[in-house]
Amino acid sequence: LLPEHRAATPAELGAVLRALHQLPIPHDVTLPDFDPFAQLNERIAAATGITGGDQEWLADHLAVLRARYRELQMGPARHVIHGDAWQNNLAVTNSGVSVLVDLERVSIGHREWDLILLAVDFVDFARISSADYASFVAAYGWDVTGEPAFRLLSDIQELRWTCFVLGKSGSSTAATREANHRIACIQGNVPHPWSWTAF
């Protein structure tokens, strides 16, 4: 049970991710390899509340992203990563202790997957300010937006967020509406910065 706490600032998140990624990979516990495409096929195939054309487009889009990702030369994955590293998943207690929560995606992967979430929030959604993003980069020590793979990794992450809402659209009118909005965005029909409702 956590004591009184708040969500982390971008700088606090950057500092904790830097520390996490510097830890040695443990040998006494087996962590899975991070799969950025986990469950996406299933969620697209089971989607309701969207047109057949959009469902087909999503399946094709996923196939293209998979093919492009296989061609990336990122080297071996050498880090323990959180897998869903955003500010609400780092609780900072009133005494200043930082606690990572929501650990179901902890795995072995490339550090980019922990950095891309805040980077996309800044670049495509303008959900954080330039100053806040700069503080995140300064605390971590590296800016993922300067990497050639940034746009591809962003597209994959945004598809993941879209498919998450697809999984809820069968039982929620609001989720169906949000799923269709997100699809329109990633199809290029809505200009940046995007505004997505959290679910």
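The distance from the CG atom of Asn94 to the CD atom of Glu4 is 6.0 Å, given to the nearest 0.5 Å. Here the straight-line distance linking atom CG of Leu23 with atom NE2 of His79 works out to 11.0 Å at 0.5 Å rounding. Distance check, rounded to the nearest 0.5 Å: CZ of Phe122 to OG of Ser129 gives 8.0 Å. Rounded to the nearest 0.5 angstrom, Glu158 CD and His61 NE2 are separated by 8.5 Å. From Arg182, atom CZ reaches atom CG of Asp54 across 15.0 Å, with rounding to the nearest 0.5 Å. Annotation: the span from Ile81 atom CD1 to Phe34 atom CZ amounts to 5.0 Å, rounded to 0.5 Å.
Two different hydrophobic clusters hold Leu166 and Phe164 under the rule that ILVMFWY side chains link at heavy-atom gaps under 4.5 Å. Both Val120 and Trp142 sit in one connected hydrophobic cluster of ILVMFWY residues. Membership requires side-chain heavy atoms under 4.5 Å apart, directly or through other members. A continuous path of ILVMFWY side-chain contacts below 4.5 Å connects Met74 to Phe37, so both sit in one hydrophobic cluster. No single ILVMFWY cluster, assembled from side-chain heavy atoms under 4.5 Å apart, contains both Leu20 and Val101.
For the pair His5 (side chain) and Pro3 (backbone), a donor-acceptor distance under 3.5 Å is present. Not one N or O on the side chain of His181 forms a donor-acceptor pair closer than 3.5 Å with the backbone of Val190.
In plain terms, the two heavy atoms of Leu117 and Ala85 that are nearest each other are CB-O, 3.9 Å. Closest non-hydrogen pair, Gly49 versus Thr176, comes out as O-CG2, 3.4 Å. Of all heavy-atom pairs between Gly83 and Arg160, the closest is O-NH2, 4.3 Å. Residues Val80 and Pro24 share a closest heavy-atom pair of CG2-O, 4.4 Å. Between Pro26 and Leu31, the shortest heavy-atom contact is CG-CD1, 4.2 Å. Listed here is the closest heavy atom pair of Ser107 and Asp33: CB-C, 4.2 Å.
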key: Residue pair Val92, Thr9: steps toward the side-chain contact (heavy atoms from CB on, under 4.5 Å) verdict   = CA-CA 9 Å; Val92 180; Thr9 66; over 6 Å; no
request  = Could you go through the side-chain contact (heavy atoms from CB on, under 4.5 Å) check for Leu72 and Leu153 one step at a time?
outcome  = CA-CA 10 Å; Leu72 273 184; Leu153 300 183; 4.2 Å; yes
query = Hey, mind stepping through Ile44 and Glu56 against side-chain contact (heavy atoms from CB on, under 4.5 Å) and telling me if it holds?
reply = CA-CA 9 Å; Ile44 292 170; Glu56 183 177 351; over 6 Å; no
inquiry  = Please evaluate residues Ile128 and Gln87 with respect to the criterion side-chain contact (heavy atoms from CB on, under 4.5 Å), reporting the C-alpha separation (whole Å), side-chain torsions for both, the decisive distance (0.1 Å), and the verdict.
reply    = CA-CA 11 Å; Ile128 63 171; Gln87 290 160 260; 4.1 Å; yes
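Side chains of Gln157 and Ser154: no donor on one and acceptor on the other come within 3.5 Å. Between the side chains of His21 and Asp114, at least one donor-acceptor pair of N or O atoms lies under 3.5 Å.
Within 6.0 Å of CD on Gln187 lie more than 12 heavy atoms contributed by other residues, nucleotides or ligands. Atom CD of Gln22 has more than 12 neighbouring heavy atoms from other residues, nucleotides or ligands inside a 6.0 Å radius. No more than 12 heavy atoms of other residues, nucleotides or ligands lie within 6.0 Å of CZ in Arg78, so this atom counts as exposed by the packing criterion.
Looking at Leu103 and Asp84, their side chains never come closer than 4.5 Å, going by heavy atoms from C-beta outward. Contact of the Ile108 side chain with the Ile25 side chain is registered, since non-hydrogen atoms from C-beta on lie closer than 4.5 Å. Between Glu12 and Arg6, some side-chain heavy-atom pair lies under the 4.5 Å cut-off. Between Val99 and Leu90 the shortest side-chain heavy-atom distance does not fall below 4.5 Å. Side-chain atoms of His82 and Arg105, non-hydrogen and from C-beta on, never get closer than 4.5 Å to each other. Counting heavy atoms from C-beta outward, Leu118 and Asp132 have side chains that stay 4.5 Å or more apart. Here the side chains of Ile116 and Phe150 are in contact, with some heavy-atom distance below 4.5 Å. When side chains are defined from C-beta on, Ile156 does not count as touching Leu159, because their heavy atoms never get closer than 4.5 Å.
A cation-pi arrangement, defined by a distance under 6.0 Å to the six-membered ring centre and an angle within 45 degrees of its axis, is present between Arg127 and Phe125.
Exactly one of Thr162, Ile183, Val165 qualifies for a side-chain contact (heavy atoms from CB on, under 4.5 Å) with Glu178. That residue is Val165.
Ring geometry for Trp196 against Trp194 counts as parallel: the plane angle stays under 30°, on a 0 to 90° scale with 60° as the upper cut. The aromatic rings of Tyr133 and Phe136 sit tilted, their planes meeting at an angle between 30° and 60°.
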